[in-house]
There are 2 protein chains.
Amino acid sequence: MLYEITVLQFGKMLKNLGNILNKADLYAQAKKIDVEVLLNFRLFPDQFNLIKQVQIACDTAKLGVSRLTGKEAPSHQDQEKTLEELQARIQSVLAYLGTFSDNDFQGAEERKVSQPRWEGKYLMGKEFAIQHAIPNLYFHVTTAYSILRHNGVEIGKKDYLGEMPFKK
Amino acid sequence: MLYEITVLQFGKMLKNLGNILNKADLYAQAKKIDVEVLLNFRLFPDQFNLIKQVQIACDTAKLGVSRLTGKEAPSHQDQEKTLEELQARIQSVLAYLGTFSDNDFQGAEERKVSQPRWEGKYLMGKEFAIQHAIPNLYFHVTTAYSILRHNGVEIGKKDYLGEMPFKK
């Protein structure tokens with residue numbers, strides 16, 4: 001199930017985030033606001049701005065999956081300043097996620113996962129996915145959403161969740 | 001894995017949310033603010049306020065797990081007005097989550113899950129957990145967090161994520 005709760009669902013959420021950013025762009029145009037005002041907005045002075053929230057959402061998806069599987073991730077320089085550049089970054093991570101299959105996750109639950117800032121400590125892959133990567137991914141997507149919601153962009157839960165595979 | 005990504009992790013996140021609310025309470029006391037000002041705050045006029053975010057986070061955990069397993073959930077009346085009442089609601093859901101074990105999730109992935117507003121449509125249990133319950137749970141916990149962060153409560157990612165089961 002790790003493949004589905006990380007690769008597939010992270011990809012879905014990044015697509016949703018891209019759609020939400022497009023709605024922010026349309027809103028900015030309609031209100032004659034420079035969209036970069038929104039991109040640089042934050043809810044409190046020491047919070048990361050919207051650009052950084054999108055960058056971290058992308059990195060959480062990319063690095064989370066890379067650490068679970070050992071498959072090298074593309075590097076990004078955190079230099080995005082425009083909406084187009086942010087969308088390109090999302091697309092780049094979606095392309096990377098698209099290279100995975102369920103097979104890449106064999107043994108991932110028991111893989112020891114660490115990050116530079118953890119100073120040698122590690123989590124088991126399953127713990128890392130469930131308690132770290134997944135909550136972080138949703139945190140940054142929701143925070144990006146909240147920044148835009150606070151600024152009046154007309155987005156709702158459906159934009160966040162995306163399409164559901166409903167059956168009748 | 002459904003038990004771990006729902007029951008265990010939802011419980012952890014609700015505990016983290018309770019701790020975050022306690023920090024909001026201390027902040028309100030220190031600033032001589034009525035904590036109910038924070039509880040009734042929202043980031044935009046048509047957004048749910050903090051009380052409702054906590055109520056929905058509780059319901060997402062409770063009803064998500066109930067629908068996946070068929071085990072009846074306790075009912076709550078959405079009448080909380082104070083911090084103590086919200087904490088009691090969180091505790092009530094934690095007690096309910098505490099009645100589950102991995103065994104309750106046998107067959108849950110293939111269970112047909114519906115909600116009243118879906119008008120007869122359904123998702124498979126695994127889809128419901130991954131694409132609906134989990135993203136919703138994190139959405140409302142993060143939104144509660146963002147409302148408090150916007151009001152200056154000194155909380156950070158560690159408060160949101162909670163303790164990690166690090167190994168050396």
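Per chain, numbering begins at 1; letters A, B, ... match sequence-line order. Here the structure is a predicted model, which is why all the values come from computation and not from measurement. All values below were derived from every heavy atom in this structure, side-chain atoms included, with hydrogens, water molecules and symmetry-related copies excluded.
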Check whether B:V54 and B:L97 end up in the same hydrophobic cluster, where Ile, Leu, Val, Met, Phe, Trp and Tyr are linked by side-chain heavy atoms less than 4.5 Å apart. yes
Between A:I155 and A:M164, is there a shared hydrophobic cluster once you connect ILVMFWY residues whose side-chain heavy atoms come closer than 4.5 Å? yes
Of the listed B:G120, B:P165, B:G162, the one with the largest count of heavy-atom pairs under 4.5 Å with chain A is B:P165
Would you say A:L14 ends up clustered with A:L86 if hydrophobic residues are merged whenever their side chains have heavy atoms under 4.5 Å apart, either directly or through other cluster members? yes
I'd like to verify something: which residue of B:I134, B:L8, B:I130, B:I5 has the highest number of heavy-atom pairs under 4.5 Å with chain A? B:I130
For residues B:I20 and B:L26: do they belong to one hydrophobic cluster (side chain heavy atoms under 4.5 Å, members Ile, Leu, Val, Met, Phe, Trp, Tyr)? no
Check whether B:F100 and B:L63 end up in the same hydrophobic cluster, where Ile, Leu, Val, Met, Phe, Trp and Tyr are linked by side-chain heavy atoms less than 4.5 Å apart. no
With a sphere of 6.0 Å drawn around CZ of A:F41, does it hold more than 12 non-hydrogen atoms of other residues, nucleotides or ligands? yes
Heavy-atom pair count under 4.5 Å with chain B, highest-scoring of A:F128, A:F166, A:F44: A:F166
Can you check whether chain B and chain A share any donor-acceptor pairs under 3.5 Å, and give the atom names and distances if they do?
from: A:E4; atom 1: OE1; to: B:K126; atom 2: NZ; distance (Å): 3.1
from: A:E4; atom 1: OE2; to: B:K126; atom 2: NZ; distance (Å): 3.0
from: A:K12; atom 1: NZ; to: B:Q131; atom 2: OE1; distance (Å): 2.5
from: A:L43; atom 1: O; to: B:H150; atom 2: ND1; distance (Å): 2.7
from: A:D46; atom 1: O; to: B:R149; atom 2: NH2; distance (Å): 3.3
from: A:D46; atom 1: OD1; to: B:R149; atom 2: NH1; distance (Å): 2.8
from: A:D46; atom 1: OD1; to: B:R149; atom 2: NH2; distance (Å): 3.1
from: A:Y122; atom 1: N; to: B:K167; atom 2: O; distance (Å): 2.9
from: A:Y122; atom 1: O; to: B:K167; atom 2: N; distance (Å): 2.9
from: A:K126; atom 1: NZ; to: B:E4; atom 2: OE1; distance (Å): 3.1
from: A:K126; atom 1: NZ; to: B:E4; atom 2: OE2; distance (Å): 3.0
from: A:E127; atom 1: OE1; to: B:K167; atom 2: NZ; distance (Å): 2.8
from: A:E127; atom 1: OE2; to: B:K167; atom 2: NZ; distance (Å): 2.9
from: A:Q131; atom 1: OE1; to: B:K12; atom 2: NZ; distance (Å): 2.5
from: A:P135; atom 1: O; to: B:Y160; atom 2: OH; distance (Å): 2.8
from: A:N136; atom 1: OD1; to: B:K157; atom 2: NZ; distance (Å): 2.6
from: A:H140; atom 1: NE2; to: B:K157; atom 2: NZ; distance (Å): 2.9
from: A:R149; atom 1: NH1; to: B:D46; atom 2: OD1; distance (Å): 2.8
from: A:R149; atom 1: NH2; to: B:D46; atom 2: O; distance (Å): 3.2
from: A:R149; atom 1: NH2; to: B:D46; atom 2: OD1; distance (Å): 3.1
from: A:H150; atom 1: ND1; to: B:L43; atom 2: O; distance (Å): 2.7
from: A:K157; atom 1: NZ; to: B:N136; atom 2: OD1; distance (Å): 2.6
from: A:K157; atom 1: NZ; to: B:H140; atom 2: NE2; distance (Å): 2.9
from: A:Y160; atom 1: OH; to: B:P135; atom 2: O; distance (Å): 2.8
from: A:K167; atom 1: N; to: B:Y122; atom 2: O; distance (Å): 2.9
from: A:K167; atom 1: O; to: B:Y122; atom 2: N; distance (Å): 2.9
from: A:K167; atom 1: NZ; to: B:E127; atom 2: OE1; distance (Å): 2.9
from: A:K167; atom 1: NZ; to: B:E127; atom 2: OE2; distance (Å): 2.9

